[in-house]
Number of protein chains: 2
Amino acid sequence: MVTKQVRDAPATLESVAALAGVSRATAGRVLSGATNVSEGARTSVLDAARQLSYVTNQAARSLVTRRSGSVAFVVAEAEDRAFGDPFFPGLLRGAHAEVSAAGKPGVRDGDRRAGPPALERFAAGGHVDAAVFVSLHGDDPLPRTLRDAGVPVVLSGRPYRAGTRFPFVDADNEGGAALAAHELVDRGSRRPATVTGPADMIAGEDRLAGFRRGLQERGVALPPSRVVAGDFTIQSGYAATERLLRQRYRPDGVFAANDQMAVGAMQALREHGVSVPGEVRVVGFDDAPLAAATHPGLTTVRQPVEQARPRDGAGWCSSLAADPAAARGRRVPSRVLPTELVRRGTT
Amino acid sequence: MVTKQVRDAPATLESVAALAGVSRATAGRVLSGATNVSEGARTSVLDAARQLSYVTNQAARSLVTRRSGSVAFVVAEAEDRAFGDPFFPGLLRGAHAEVSAAGKPGVRDGDRRAGPPALERFAAGGHVDAAVFVSLHGDDPLPRTLRDAGVPVVLSGRPYRAGTRFPFVDADNEGGAALAAHELVDRGSRRPATVTGPADMIAGEDRLAGFRRGLQERGVALPPSRVVAGDFTIQSGYAATERLLRQRYRPDGVFAANDQMAVGAMQALREHGVSVPGEVRVVGFDDAPLAAATHPGLTTVRQPVEQARPRDGAGWCSSLAADPAAARGRRVPSRVLPTELVRRGTT
DNA sequence: ATGAAAGCGCTAACAG
DNA sequence: CTGTTAGCGCTTTCAT
């Protein structure tokens, strides 16, 4: 007597082929979408596959194709900040959307706590077809290491050292910050100030540079006393703003390099009895969910972190994920995404 | 002339064995940490491996062991909320910490947007050793589907239907909410109100139940008019609180079912000129980073979402990840993690 | 258009 | 303790 073993024996190409009455090769052709198969064979294979609820064994496939079908999402960030920053999940989400749109089953997200060696081995071990680096600090060697190991690498955010020619995708931080400067001045601020991001992050630097340029274009000065350092947290925005308020000539405008810090700034302002936007105007950066939730709503610079990506088949990790071979060979072009001012109540 | 091909030919067990002068089997034993190998063999294999910078090919290994070494992290959540909620990255991070501590290389995170069939196929295709479900709504069928497909499943959060016996890990939402009720009353509130979470999330229900119980224990009533619905967003907390403030007898205490809503509540209160904690006391839930950043600091109920996990070798996905075979066979015990009140300035 | 056959790199018996 | 021998399930020439 023959017993059907459903649970214990997952369907294989072999079994599907048998049921369909064709060879394993043909079954494989059908299931991997080759064109040169007769109609008859195709339908019977497809039927058999459905009947056996066949799913292709990725390990076996990877073994021969030398592709894993997933891309690493590496967060090179102090633990607390990465996960605390609302910005980061958006990126993850965008990556997801793109990758799955490209027909890849999932994103593999790495973590640096295990230490570079672990990650390196992981990536080099054929686990991933490519790696996306997010929120890089300073001059991290890991991207280079991976690239040297043959893994295509894309950076989210402009690389710190101009020398290392990695393809990247970034928002136009510089241009967006200039927009913020214009807004502040055009609304009447004459003594604008800024709360910067951490010095080792290129996004922070770019935003400061852009803010400087924007003010200059409007003929407004930015003395060093009105540039205070933050680190992208709410608390740092609060503290930096308090420092600003202690000055003899209080600023009448604050550009915070991200929304978190802008929220902290608003709290400090409110507690010191300073009206927003009456006495001090505030502009943030990112257009995080938080920005729409403050009262008054925070005017901010939107970057298309996730919104723009799913619609955009051309760039970023989608190009990587969709065709690792191409990425491996050709250059993936870098892209700078446009930013725009979202005017709410704080200006 | 012989040319060394470093890049194009990744080292295999074969090549390592050859260089070390042993058989492939012995090399394999060494590299997978078997004990029954002579010192001599061990060192020469290790040397050869280092020299060739050998990394084991996971696909090949998976093919034979039928293990992938990764666990799925499935977020069954309305897109916006999952990624907007600061709570969620914490979970991801906790999962990461546990899984990598257990020697697994990474977490595979799934997404439901591709649709259940895709995810199902993915998980059933031998891609993952287990699946962790996060933030389940209502009575989602997917966990059952996966379990039926032979994938061990663990739920983060108590399952909606008591009937389905899935192992889960959850915070003591009920107990924590009772703590919040006690705090409010003990600090002087006599007309406490609550902003609830969405009705289809068990955590929201549990918190409401716990709040009810806590008040009852203090002999304080909770009329239906002081129970308003929110959906865990800042905005909903703001709106719900405004509704509360329009009532004839204003509440003198608000328990929001999460910190986001508590922040919204504080905004509404402030805008209506209501002092916190002077006229109205506020308590949140989660102890999100946001809670420490408000002014005054938000009193809230902390749940050990991530903190407790890495230290705790026994539970949750660590047990899954560390030993999928055991999980597949035996029951993974469910666990309810303790909550505690974090007193800041709003009570 | 289809089948047969040869591995991909690894692990797991099984002998020695 | 070590080597030999089989495959895991799939893709891919190469014939047919």
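Order of the sequence lines sets the chain letters (A, B, ...), proteins ahead of strands, with each chain counted from 1. Hydrogens, waters and symmetry mates are skipped; everything else that's a heavy atom, side chains included, is used.
- The two residues A:Y54 and A:L13 make their nearest non-hydrogen contact at CE1-N, 3.5 Å.
- Reading DNA chain D from its 5' end, the first and the last nucleotide to sit under 4.0 Å from a heavy atom of chain B are D:dC1 to D:dG9.
- Contact check for A:L31 versus A:T56: no side-chain heavy atoms found under the 4.5 Å cut-off.
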Worked verdict on B:N57 versus B:T12 for side chain to side chain contact (heavy atoms under 4.5 Å, CB included): CA-CA 8 Å; B:N57 179 322; B:T12 77; over 6 Å; no
Sequence-aligned protein contact record of nucleotides 8-13 of chain C, with B where the base is within under 4.0 Å of a protein heavy atom and S where only the sugar-phosphate is: BBBBBB
Residues A:L52, A:L19; criterion side chain to side chain contact (heavy atoms under 4.5 Å, CB included); working and verdict: CA-CA 9 Å; A:L52 270 38; A:L19 204 165; 3.2 Å; yes
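- Atom OG of B:S44 and atom CD of B:Q51 lie 11.0 Å apart (nearest 0.5 Å).
- Side chain of B:T43 to backbone of B:G40: a donor-acceptor contact under 3.5 angstrom is found.
- A side-chain donor-acceptor contact under 3.5 Å links A:S32 to the backbone of A:G28.
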